[in-house]
Amino acid sequence: EYSEFIGTFSDGSYDETGKFEWFEELTITKIENGKIYGNYNPLSNFYTINGDFSNGVAITNNIFTITVNLIDHTNNDRKSTYTATFELGKRDGKPVLLPDDNNSGSLVIYNKVR
């Protein structure tokens, strides 16, 4: 049942002028034995962000939380960490990741990588 969630989910945002702001990308490599594996690697002009969960994190009721490391290039490359929670869901019959309120708020659309 989880097999349709294996792959890369991505979504981008642009400001009013069409200038790139943000690109969300989360890759799920496998889901087994109550754990989900992959990498969360959003792209931004202002931050370096890495949410590596290749060693697996618990998934319960289709919800999982990962720890994300952030380097803020607008603030002397200050390092910090935060957590990001996602839910495996469906929209129009397609698998999607639903971000929680702590994330960008955009829906991360599923794009299968072949």
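The chain is numbered in sequence order, starting from 1.
Judged purely by distance below 3.5 Å, without hydrogens or angles, the side chains of Thr27 and Thr8 pair a donor atom with an acceptor atom. Donor-acceptor pairing under 3.5 Å is lacking for the side chains of Tyr37 and Glu32.
Residue Tyr40 holds its OH atom at 12.5 Å from CD1 of Ile28, rounded to the nearest 0.5 Å. Taking CG of Asn41 as the reference point, atom CG of Asn50 lies at 5.5 Å (rounded to 0.5 Å).
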Full working for ring-ring contact (aromatic ring centres under 6.0 Å, His included) between Phe9 and Phe86 = CA-CA 12 Å; Phe9 294 75; Phe86 296 91; 9.0 Å; no

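Closest of all the heavy-atom pairs between Phe53 and Ile36 is CD1-O, 3.5 Å. When every heavy atom of Glu87 is checked against every heavy atom of Ile63, the shortest pair comes out as CG-CG1, 3.8 Å. Residue Asn55 comes nearest to Lys35 through the heavy atom pair O-NZ, 4.1 Å, listed as atom of the first residue, atom of the second, then distance. Nearest approach of Ala84 to Val68, heavy atoms of both residues: CB-CG2, 4.0 Å. Looking at every heavy atom in both residues, Lys30 comes nearest to Ile6 through CA-CD1, 3.5 Å. For the pair Asp77 and Ile71, the tightest heavy-atom approach, listed with the atom from each and the gap, is O-CG2, 3.7 Å.
Residues that satisfy the salt bridge (charged side-chain N to carboxylate O under 4.0 Å, His left out) test with Lys90, not counting sequence neighbours, are Glu4. Annotation: salt bridge (charged side-chain N to carboxylate O under 4.0 Å, His left out) contacts of Lys79 (sequence neighbours excluded): none. For the side-chain hydrogen bond (donor to acceptor under 3.5 Å, both in side chains) test, residues two or more places apart in sequence or in another chain that qualify with Ser54 are Asp52.
Ring orientation note: the planes of Phe5 and Tyr2 are nearly perpendicular, at an angle over 60° on the 30°/60° scale.
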